[in-house]
Protein chains: 2
Amino acid sequence: MITTVRRRARATAGPTARGDGAGATVGLGMLAELIGYHVRLAQMAVFADFERALGALSLSPGLFGLLVIVEANPGLRQTQLADAARLDRSTLVPALDKLESRDLVERRAAPDDRRSNGLFLTAQGATLLAQAKRAVRAHEKRIAAELGEGDRATLIELLDRLAPGGRRP
Amino acid sequence: MITTVRRRARATAGPTARGDGAGATVGLGMLAELIGYHVRLAQMAVFADFERALGALSLSPGLFGLLVIVEANPGLRQTQLADAARLDRSTLVPALDKLESRDLVERRAAPDDRRSNGLFLTAQGATLLAQAKRAVRAHEKRIAAELGEGDRATLIELLDRLAPGGRRP
DNA sequence: GCCATATTGTTTGACATCAAACGATCCGCG
DNA sequence: CGCGGATCGTTTGATGTCAAACAATATGGC
């Protein structure tokens, strides 16, 4: 059996005159047998729902993750946050700029190291994050509903076996 | 139990004088309970291995996927390829430019529609793809070894439940 | 046949991301 | 002390991605 992808539905017109046979589907070759392919599709679907859940708050999944980690670790340094969020520290700079310009996070000069900034949620940041968490919990419930509790745990366990502890040399 | 991420190992120096307590780990808050988080980590790990496998051929996972789909569907139109690969058709343009400049893929004017191009692998493209497929099969074997055959099937089944058919409105 | 509407590939602009390089600062070793 | 190497946050450049807008072309209703 060959796995396929349905063509994008035509908005109005009927099927176009084309020369490549019946052409109702496009074969994916060996792609459909690759774990990475299925992981990517799942990632896209989950993130799309995630973004939909947070859209009203103008928060992306990435920014939400940063807020969560900062809340859990007040005073965190930027490099530590980058490591925890699996981002390059240069990637973090514009993200924090955005959060700071929206008064959600504050960079405070570290008392013991003039190169470093300590990161803190502002009151406004804490308020928005509380709302965002509610939306995310709803999102997670929606996702988990596709699985059931047992399969959800199984999935996470299997996924973690692919991402070994998060080693980075 | 709180899930954590180890701090980046210091290269040489001992622990820096810091004011935030023992600080051996950074908590992730509710992140570790989200399926999307685990999917993302798995995605990163799998793709890193994928890239390592293909690096010698100067092929990214994305370009490899395009070659596989074109090989399986000679004469495919760009929009169809974009749909099958889950890319925007504007994203495809520079990717095909790259593949064409390397003489791996050819854009041929479609006989029945002067707006469209039919896509074909060149002989060189077919040769390189054959090599790439071998590398990818080795990669897949490596990944699957973390799971075992039964768990691999389970994982794919669960992931597919998260990505419902690939609907796109 | 004509014309409004769609579709195709492309261009352009906005982001997110990584990697390399930089100045400022810190630290250990002599 | 002072100096060399390491680390911090930042800047800059290269990619990869989407979305909106565009000209050329095709389609279908009239």
Side-chain angles (χ1 to χ4, degrees), chain A residues 7-19 40 43-44 47-48 51 55 58-66 75-83 85-100 105 107-119 168-169, chain B residues 7-19 40 43-44 47-48 51 55 58-66 75-83 85-100 105 107-119 168-169:
Chain A
R7 285 220 323 268
R8 174 197 277 170
R10 293 304 179 114
T12 56
T16 321
R18 293 192 300 105
R40 175 170 172 252
Q43 153 101 287
M44 290 175 69
F47 268 57
E51 292 204 13
S58 297
L59 271 188
S60 64
L63 294 185
F64 171 78
L66 296 182
L76 204 65
R77 309 295 148 100
Q78 292 186 199
T79 297
Q80 295 177 295
L81 175 56
D83 285 353
R86 316 301 249 269
L87 293 176
D88 194 275
R89 62 198 150 82
S90 64
T91 304
L92 203 58
V93 174
L96 287 176
D97 289 348
K98 183 174 296 188
L99 293 176
E100 214 174 17
V105 162
R107 284 190 252 224
R108 279 186 222 159
D112 61 324
D113 187 338
R114 275 188 293 177
R115 297 168 302 178
S116 296
N117 297 324
L119 301 172
R168 272 186 304 173
Chain B
R7 284 221 322 271
R8 173 196 276 171
R10 292 304 177 114
T12 56
T16 321
R18 293 191 303 105
R40 175 170 171 254
Q43 153 100 289
M44 290 176 69
F47 267 57
E51 292 202 13
S58 297
L59 270 187
S60 65
L63 294 184
F64 171 77
L66 296 181
L76 203 65
R77 308 296 149 100
Q78 292 187 198
T79 297
Q80 294 177 295
L81 176 55
D83 285 352
R86 315 302 249 267
L87 293 176
D88 194 275
R89 60 201 206 298
S90 64
T91 303
L92 203 59
V93 173
L96 287 176
D97 288 348
K98 183 174 296 187
L99 292 176
E100 213 173 19
V105 162
R107 285 190 251 225
R108 279 186 222 158
D112 60 326
D113 187 337
R114 274 189 293 178
R115 298 168 302 177
S116 296
N117 298 323
L119 301 172
R168 271 186 305 173

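Side chains included, hydrogens not; waters and symmetry mates left out as well; all remaining heavy atoms used. Owing to the predicted nature of the structure, the values given are computational and were not obtained by experimental measurement. Here is how names work: the chains are called A, B, and so on, in the same order as the sequence lines, proteins then strands, and each is numbered from 1.
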J.: Can you check whether Arg107(B) has a side-chain N or O nearer than 4.0 Å to OP1 or OP2 of dT10(C)?
T.: yes

J.: Whether Arg77(B) contacts dG9(C) is assessed here as follows: a side-chain N or O lying under 4.0 Å from the phosphate OP1 or OP2. Is that the case?
T.: no

J.: Atom CZ of Phe47(B) and atom P of dC18(C): how far apart are they, to the nearest Å?
T.: 14 Å

J.: If you assign each of Asp97(A) and Arg40(A) to its closest nucleotide in DNA chain D, which residue comes earlier from the 5' end?
T.: Asp97(A)

J.: Test for a donor-acceptor pair under 3.5 Å between the base of dT7(D) and the side chain of Arg115(A), counting only N and O atoms.
T.: yes

J.: Rounding to a whole Å, what distance do you find between Arg89(B):CZ and dC22(D):P?
T.: 14 Å

J.: How long is the line joining CD of Glu51(B) and C1' of dG16(D), in whole Å?
T.: 11 Å

J.: For the pair made of CG in Asp88(A) and P in dT7(D), what is the distance, rounded to whole Å?
T.: 15 Å

J.: Main chain of Arg89(A), side chain of Gln78(A): is a donor-acceptor contact present, judged purely on distance under 3.5 Å?
T.: no

J.: Hey, could you give me the CG/CG distance between Leu87(B) and Leu66(B), rounded to the nearest 0.5 Å?
T.: 6.5 Å

J.: Does the side chain of Gln78(B) get closer than 4.0 angstrom to OP1 or OP2 of dT10(C) through an N or O atom?
T.: yes

J.: Would you indicate what Ser116(A) reaches in the nucleic acid, counting non-hydrogen atoms under 4.0 angstrom: base, sugar-phosphate, or nothing?
T.: sugar-phosphate

J.: Quick check on DNA chain C: between Ser60(A) and Ser90(A), whose nearest nucleotide comes earlier from the 5' end?
T.: Ser60(A)

J.: To the nearest angstrom, how far is Asp83(A) atom CG from dG9(D) atom P?
T.: 10 Å

J.: What is the distance, rounded to the nearest whole Å, between atom CG of Asp112(A) and atom P of dC8(D)?
T.: 12 Å

J.: Taking OP1 and OP2 of dC26(C), is either one under 4.0 Å from a side-chain nitrogen or oxygen of Arg114(A)?
T.: yes

J.: Nearest-Å distance, CG (Leu76(A)) to P (dC8(D))?
T.: 12 Å

J.: What is the distance from atom CG of Leu92(B) to atom CG of Leu81(B), rounded to the nearest 0.5 Å?
T.: 4.5 Å

J.: State which of dT11(D), dC8(D), dC26(C) makes the closest approach to the side chain of Asp113(A).
T.: dC26(C)

J.: Distance-only, no hydrogens or angles: does the Gln80(A) side chain make a donor-acceptor pair with backbone N or O of Arg77(A) under 3.5 Å?
T.: yes

J.: Taking 4.0 angstrom as the limit, do Arg108(A) and Asp113(A) come out as a salt bridge?
T.: no

J.: Output yes when at least one side-chain N/O atom of Lys98(A) is less than 4.0 Å from OP1 or OP2 of dA16(C), else no.
T.: yes

J.: Provide, to the nearest angstrom, the distance between the CG atom belonging to Leu87(A) and the P atom belonging to dC15(C).
T.: 18 Å

